[in-house]
Chemist: 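First the structure, which I've put down as structure tokens, then a few questions once you've had a look.
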2 protein chains.
Amino acid sequence: MSLSCATCPVRDRAACAVLSEEERDELARVGRTRKLSRGETLFSAGESEAACATLKSGALKITSTDIDGRERILSLVHPSGFIGEMFGPYMRHDVVALGDAELCVFSGPNFAEAVNRFPRLGQALLRRTQEDLYASRELLALTGNASAEQRVAGALLSLARAASDSPCHPATSFELPLSRGELADMLGITIETVSRMLTRFEKDGAIKRTGKRGIDLVDPALLPLS
Amino acid sequence: MSLSCATCPVRDRAACAVLSEEERDELARVGRTRKLSRGETLFSAGESEAACATLKSGALKITSTDIDGRERILSLVHPSGFIGEMFGPYMRHDVVALGDAELCVFSGPNFAEAVNRFPRLGQALLRRTQEDLYASRELLALTGNASAEQRVAGALLSLARAASDSPCHPATSFELPLSRGELADMLGITIETVSRMLTRFEKDGAIKRTGKRGIDLVDPALLPLS
DNA sequence: CGGACCCTTGATTCAGATCAACGAATGTGG
DNA sequence: CCACATTCGTTGATCTGAATCAAGGGTCCG
């Protein structure tokens, strides 16, 4: 299926938003749409076909698996996010859908050529990659020294921010895109500890759990941040 | 002091290596050399003057400090590495010299303009930033699930790789660029634990400590990796 | 010589992992 | 439609790896 940028929900936020109409059309010609449902894999670590993609809707996780088979979530991808490998010869990490998702997919070489031809696209990606780097370092800082309590609190706020349309203020009521197990894998703690911390926050009156995945931030100030 | 690229030790490895002679000269005109000694700060988080730099010699650490004053090392910078903020309005993290270091420093806007003018420079930075992102995620994976033993072992191998001239094979004998305390801050453990693990590895015959900072990798296969 | 670091080692404590059990929701096949 | 299995989350009891507390030695420097 080829791309239809006209109706794209991230038309003016994604990396390709910096392109002119004609440039975008040209890029669209080498891209394909792809739909994933929960748990489906977009890329696998080690794949020798370089590829990249822009996320149009849904959410993804970028993970690595250590020798003992334990999974670690390295990053989450939200709509308009860019993932993948343009230059390297192989994919570095696994990328899996957290829920139903829709993407534009490109081959690495095709996209690299577009970057060559449209310098503004390269610059947009540079900014975006720097943001990803900062996000990665933020997670590193969060999981480095903080207690389990602080990690879960930090993750809740971070997810509330991501769930909000307005970029600065967090949503007060939202659905977790992650299961308890995934939250645990992201924070480097166990499922049981995540569950206990959520129970504690609810007891303290900081949050309210609604259903399995729903969270209401009743009083974020009560969350114990680092 | 203005730049003298002719004698630059990272002349053909740094980001600016992709530029032609004339382009490089032009960039050199807006850059300054700076020397730091151990502990000196290059950038401070929150500084509103965007700036960036290429490291010519020595080593740097990129750190953040949490509310309780605990420092977390987010990344190490080795010669030819690029650091800083070209676009954003302020510096995101602290950058401090681990030992004597020499750099080329640029103002954010000046460098951003160079990126605008020389698209290859932007592409080189994009690659480099992606590498930094992968390095950050590697550290995230290392500090996420692994035991203290595995973290220290992983850090030793990583530093051995960085100390080697050949990019793939680790050095068998090298000096740690970090104190025990800094190693601990990077790995999210305590000084005492780092010390104990090094003692353990030496007892096991995996390494030999020479002086305070020297490490011989006697039998890396004995190191307990994740 | 005295002070300031930095590293090592030992004793004790504690946060979170592990082990275990259970309930709710969802799916499957008879 | 019901019996059954499976997955996911919660909660409790126990155990352990690493933090914390404490002490001492080595080295550099004024």
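Worth knowing before you read on, the calculation uses all heavy atoms, side chains too, and leaves out hydrogens, waters and symmetry mates. Letters A, B, ... mirror the listed sequences (proteins, then strands); counts begin at 1.
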Chemist: Reading DNA chain D from 5' onward, which residue's closest nucleotide shows up sooner: B/E149 or A/G211?
Modeler: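 It is A/G211, whose closest nucleotide lies nearer the 5' terminus.
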
Chemist: Tell me every residue that passes side-chain hydrogen bond (donor to acceptor under 3.5 Å, both in side chains) with A/E71, counting only those two or more places apart in sequence or in another chain.
Modeler: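 Here the qualifying residues are A/K61.
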
Chemist: Show the atom names and distances, to 0.1 Å, of all donor-acceptor pairs under 3.5 Å that link a side chain in residues 38-46 of chain A to residues at least two apart or in another chain.
Modeler:
residue: A/R38; atom: NH1; partner: A/L98; partner atom: O; Å: 2.6
residue: A/R38; atom: NH2; partner: A/E182; partner atom: OE2; Å: 3.2
residue: A/E40; atom: OE1; partner: A/S37; partner atom: N; Å: 2.7
residue: A/E40; atom: OE1; partner: A/S37; partner atom: OG; Å: 3.0

Chemist: Side-chain donor-acceptor contacts of residues 128-137 of chain B below 3.5 Å, not counting sequence neighbours, with atom names and distances?
Modeler:
residue: B/R128; atom: NH1; partner: B/S80; partner atom: O; Å: 2.7
residue: B/R128; atom: NH2; partner: B/R13; partner atom: O; Å: 2.7
residue: B/T129; atom: OG1; partner: B/L125; partner atom: O; Å: 2.7
residue: B/Y134; atom: OH; partner: A/E85; partner atom: OE1; Å: 2.5
residue: B/S136; atom: OG; partner: A/S136; partner atom: OG; Å: 2.5

Chemist: If a pair satisfies side-chain hydrogen bond (donor to acceptor under 3.5 Å, both in side chains) and one of its residues is in residues 153-163 of chain A, list it, with sequence neighbours excluded.
Modeler: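 Qualifying pairs: none.
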
Chemist: Among residues two or more places apart or on two chains, list those pairs meeting ring-ring contact (aromatic ring centres under 6.0 Å, His included) that have a residue in residues 136-163 of chain B.
Modeler: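 Not a single pair qualifies under ring-ring contact (aromatic ring centres under 6.0 Å, His included).
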
Chemist: Hey, where on DNA chain D does chain A first and last touch, going 5' to 3'? Cut-off is any atom under 4.0 Å from a heavy atom.
Modeler: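 So the outermost contacting nucleotides come out as D/dG9 to D/dA13.
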
Chemist: Looking at five pairs on each end of the helix from C/dC1-D/dG30 to C/dG30-D/dC1, what is the angle between the two axes, given to 10 degrees?
Modeler: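 The helix from C/dC1-D/dG30 to C/dG30-D/dC1 shows an end-to-end axis angle of 30°.
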
Chemist: Measure from the side-chain N and O atoms of B/T143 to the backbone N and O of B/L139, and report whether any donor-acceptor pair falls under 3.5 Å.
Modeler: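 Yes; judged by distance alone, with no hydrogens or angles, the pair exists.
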
Chemist: Which residue pairs pass the salt bridge (Lys or Arg N to Asp or Glu O under 4.0 Å) test when at least one of the two sits in residues 143-153 of chain A, sequence neighbours left out?
Modeler: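 Matches after skipping sequence neighbours: A/E149-A/R200.
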
Chemist: Can you tell me which residue pairs pass the ring-ring contact (aromatic ring centres under 6.0 Å, His included) test with a partner in residues 47-85 of chain A, sequence neighbours excluded?
Modeler: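 Matches after skipping sequence neighbours: A/F82-A/F111.
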
Chemist: ring-ring contact (aromatic ring centres under 6.0 Å, His included): which pairs involve residues 180-226 of chain B, sequence neighbours left out?
Modeler: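 Listed once each, the pairs would be none.
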
Chemist: Can you give each donor-acceptor pair under 3.5 Å made by side-chain atoms of residues 206-217 of chain A, sequence neighbours left out, with the distance rounded to 0.1 Å?
Modeler:
residue: A/R209; atom: NE; partner: A/E202; partner atom: OE1; Å: 2.9
residue: A/R209; atom: NH2; partner: A/T199; partner atom: OG1; Å: 3.4
residue: A/R209; atom: NH2; partner: A/E202; partner atom: OE1; Å: 3.0
residue: A/R213; atom: NH1; partner: A/L176; partner atom: O; Å: 3.4
residue: A/D216; atom: OD1; partner: A/S173; partner atom: OG; Å: 2.8

Chemist: Nucleotide by nucleotide, 5' to 3', does protein get under 4.0 Å of the base (B), only the sugar-phosphate (S), or neither (-) in nucleotides 7-15 of chain C, counting heavy atoms?
Modeler: SBBBB----

